[in-house]
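Read through the structure below, which is laid out as structure tokens, and then see the notes.
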Amino acid sequence: MALTHSHGVRERVRGGAGAGRYDREAMADPLHTIAHTLRDAFAAVTGLPAAEIDPVVRPSPRADAQANGALALAKQLDRNPRELAEAVVATGALASVCSAVEVAGPGFINLTFTARFLAEQLAAAAADPHLGVRPAEVVETAVVDYSAPNVAKEMHVGHLRTTVIGDALVRMLEFVGHTVVRENHVGDWGTPFGMLIEHVVDLGGVGETDLSDPGGFYKQARAKFDASDEFKARARERVTLLQGRDDDSTMAIWQQLVDQSADYFDIVYGRLGVLLRRNDIVGESFYQPYMPAMLARLETAGLLAESDGAKVVWVPGFTNREGEPLPLIVQARTGGFNYATSDLTCVIDRVERLHATLLVYVVGTPQSQHLQMVFEAARMLGVLVPPARAVHVNFGNVLGDDRKMLKSRSGEPAMLLDLVDGAIARGRAAVAERNTDLDEVERAELGAVIGIGALKYAELSSDRIKDYVFDWDRMLAFDGNTAPYLQYAHARICSIFRRADVDRASVRAVVPTLDEPQERALALQLLQFDAAVHDTLDKFSPHRLCTHLFDVAQAFTSFYEACPVLKDGYEATRESRLALCDLTARVLQLGLALLGIDVPERM
RNA sequence: GCUCCCGUAGCUCAGGGGAUAGAGCAACGGUUUCCUAAACCGCAGGUCGUAGGUUCGAUUCCUACCGGGGGCGCCA
């Protein structure tokens, strides 16, 4: 899946060392542009290689941007920071794009862009299907491991964040040009399947079970397992049969459980609106046949050791309760494989078969140590070596009011489908409450878009590392940093174009005028979309894009209040403002799409 | 015990080696003959957990401590 761009503005410039650089004239983000310009200016003034210089360009409350680089550089060179900043300004490098360049305080360079420069950058972004977002400098094959429910078990609140965050990352990675392999590492193997299969047998065998709602199935099997030694013994034997893979009846029942669960997962994913489908399932069973070879490789590499009868890898730097070295157990004393075996085999598969260079694990924080050990073992094996690397995209818990894991009324973890349906129902209620002139079908569709959007946005808009408190009212509020607020801003823009009876695409060649402060502020926000996307991907933190989109929406509503678009007396600015509206709507629509959230045209 | 993460406004959260730490909600005060008021504007609110250290400069980096949570051998 090669990235191709038909438009000329983002041609790769070949010949640099390592990653290709892009023609800086082509960049829509003025901060990015100015950073390059300043880097060269600093290089000229100091004599240092440009590659070693960071001009530290940031948005500024005092101007459009500020460059703080002079302070650190001056210290490094033992020069006066103010003089250095003034020397850089004196090069005149910024004259063509800035209307004001001032050195302030100890050596800050405050920059104000010319309206013309900003307007041209806006026009460039508007002409770009990617709205100014640069493609990745190095195109990679990325495997994103997310969601990972268990066969024959219900999906619950614990799967919400991994599914929503993973899906957003997949969309963004693809958008900037990476080849992305979605992998749903479902739990479809292991000792629990002994009891699950045996339970199916008790129920009358294949065809007599219905897993469309796995609710009590797992619990029934579990209860029998705990209560009956006889059942327990049968379950153990069944595990052996399963692992042998050649008992037809066992395999048929297992396959049935897997297939029915896949149907159920598809229902959940479909309703939630994520990309995962059954083709993305690569369960633990897939890796099972490759595990003996993996163990042999560990053996050959001299990494396999024995400890208390188990086969282990001693991974340096990890200790147990007693302060003794902690092993990564890859084969239990019983000879059985466990999740370390599976995960290590999986790393090898992703690197060697899929040729992935970026392995993304969207998995909860509690598995951090386990994953670090697996990654380290893979490094020791010489598999997970540059350019291949693994990233644990960890996340905190979804909490209820009581600050504990979100529960259903029965006290168990809230079921994912209940949360999804609850979001849709609340979205519909919100629409009905504000009743517009929509018919039933439209209202239902809109309710789902708003409800699901709110649910997902709540997951994505705060730092994934922290726990967050689930709150229906807050996520569905039309004020604040919520999906409905962003969707509303988009709907208002669509309304303007309906009223004007103007085709959106027709204003995309317009170079807007930016006379009002709200127009400038909006322009600056819109041009930072590129940086927001890349920043989000660098840190695998979708909340960064959320924050940016919220800033865009706020800048737009301020503009909307202050700058009439269609009203009488504003004919002179009409085209220009329509162009700003169009680009705003596109940034909101695209940005939310990258998060897996739809936008309505009317609300 | 060892180890990882978190601690920012009443609440929910951003931010991050630099200039007066930002939003939203709630509260208070305004705005609608006008493109969707599901909105906007204003006002108020914080010794950035505590104490040291590095630095010209720390809320940001380092150390210790306090508070909360996770993990620590044959489940995943």
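By convention in this document, chain letters (A, B, ...) are assigned in the order of the sequence lines, proteins followed by strands, and residues within each chain are numbered from 1. Values below: all heavy atoms of this structure, side chains included; hydrogens, waters and symmetry mates excluded. Nothing here was measured: the structure is a model prediction, and the numbers come from that model.
Residue contacts for A:Val56: at a heavy-atom cut-off of 4.0 Å it reaches no nucleic acid atom on any strand shown. A:Ser368 comes within contact range of no nucleotide atom at all, as no heavy-atom separation falls under 4.0 Å. Within 4.0 Å (heavy atoms only), A:Asp188 reaches no atom of the nucleic acid at all.
Listed for the A:Asp463 side chain is no donor-acceptor partner under 3.5 Å among the backbone atoms of A:Lys466. A donor-acceptor pair under 3.5 Å links the side-chain atoms of A:Asn338 to the main chain of A:Ile329, judged by distance alone.
Using the six-membered ring where Trp is involved, A:Phe217 and A:His199 have ring planes that are tilted, between 30° and 60° apart.
Atom CZ in A:Phe375 sits about 18 Å away from atom P in B:rC4, given to the nearest Å. Between A:Leu73 atom CG and B:rG18 atom P the separation is 15 Å, expressed in whole Å. The separation between A:Tyr457 atom OH and B:rA14 atom P is 12 Å, rounded to whole Å. A:Tyr485 places its OH atom 16 Å from the P atom of B:rU36, with the value rounded to the nearest Å. Atom NZ of A:Lys567 and atom C1' of B:rU36 are 12 Å apart (whole Å). As a whole-Å value, the separation of A:Ile465 CD1 from B:rC13 C1' is 14 Å.
For the P atoms, the distance from B:rG49 to B:rU12 is 15 Å, rounded to whole Å. Comparing the same atom, C1', in B:rA27 and in B:rG69 gives a spacing of 32 Å after rounding to whole Å. Across B:rG53 and B:rG17, the matching C1' atoms stand 15 Å from one another, rounded to whole Å. Spacing of C1' atoms, B:rA23 relative to B:rA44, comes out at 15 Å, to the nearest Å. Nucleotides B:rA14 and B:rG24 have their P atoms positioned 16 Å apart, rounded to a whole Å. B:rG10 and B:rG45: their C1' atoms are spaced 9 Å apart (whole Å). B:rU59 and B:rU20 have their C1' atoms separated by 14 Å, given to the nearest Å.
B:rG7 and B:rC66 make up a base pair, with Watson-Crick or G-U wobble contacts both under 3.5 Å. Across all strands shown, the partner of B:rG42 is B:rC28, judged by Watson-Crick or G-U wobble contacts whose two distances both fall under 3.5 Å. Across all strands shown, B:rG1 pairs with B:rC72; the Watson-Crick or G-U wobble distances both stay below 3.5 Å.
Look at A:Arg577 and you won't find any side-chain N or O under 4.0 angstrom from OP1 or OP2 of B:rC35. An OP1 or OP2 oxygen of B:rA14 is reached within less than 4.0 angstrom by a side-chain nitrogen or oxygen of A:Lys466. Applying the 4.0 Å criterion to OP1 and OP2 of B:rG18, one finds that A:Gln66 has every side-chain N and O outside that range. Between A:Arg544 and B:rG15, a side-chain N or O to OP1/OP2 separation shorter than 4.0 Å is present.
A distance of 6.0 Å or more separates the ring centres of A:Tyr287 and A:Phe337.
Contact check on A:Arg520 versus A:Glu516 returns no salt bridge, with no Lys/Arg side-chain nitrogen under 4.0 Å from an Asp/Glu carboxylate oxygen. The pair A:Glu198-A:Lys224 does not count as a salt bridge, with every side-chain nitrogen at least 4.0 angstrom from each carboxylate oxygen. Of the charged side-chain nitrogens involved, none lies within less than 4.0 Å of a carboxylate oxygen, so that A:Arg574 and A:Glu571 do not count as a salt-bridged pair.
Taking all atoms of both residues into account, the shortest heavy-atom contact from A:Cys581 to A:Phe556 is SG-CE1, 4.0 Å.
With hydrogens and angles ignored, no donor-acceptor pair under 3.5 angstrom links the side chain of A:Asp551 to the base of B:rA14.
In this structure, the aromatic ring of A:Phe550 is not positioned over the six-membered ring of the base of B:rG24 within 5.5 Å between centres and 30° between planes.
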Check residues 485-498 of chain A and write down every donor-acceptor pair under 3.5 Å in which the side-chain atom is one partner and the other belongs to a residue at least two apart or another chain.
from: A:Tyr485; atom 1: OH; to: A:Thr557; atom 2: OG1; distance (Å): 3.1
from: A:Gln487; atom 1: NE2; to: A:Val449; atom 2: O; distance (Å): 3.3
from: A:Gln487; atom 1: NE2; to: A:Asp598; atom 2: O; distance (Å): 2.9
from: A:Tyr488; atom 1: OH; to: A:Arg492; atom 2: NE; distance (Å): 3.3
from: A:His490; atom 1: ND1; to: A:Pro600; atom 2: O; distance (Å): 3.0
from: A:Arg498; atom 1: NH1; to: A:Glu601; atom 2: O; distance (Å): 3.1

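With B:rC35, B:rA19, B:rC13 as the candidates, the nucleotide lying closest to the side chain of A:Tyr560 is B:rC35.
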Its contact letters, B for base, S for sugar-phosphate only and - for none at protein heavy atoms under 4.0 Å, make nucleotides 69-76 of chain B read -SSBBB-B

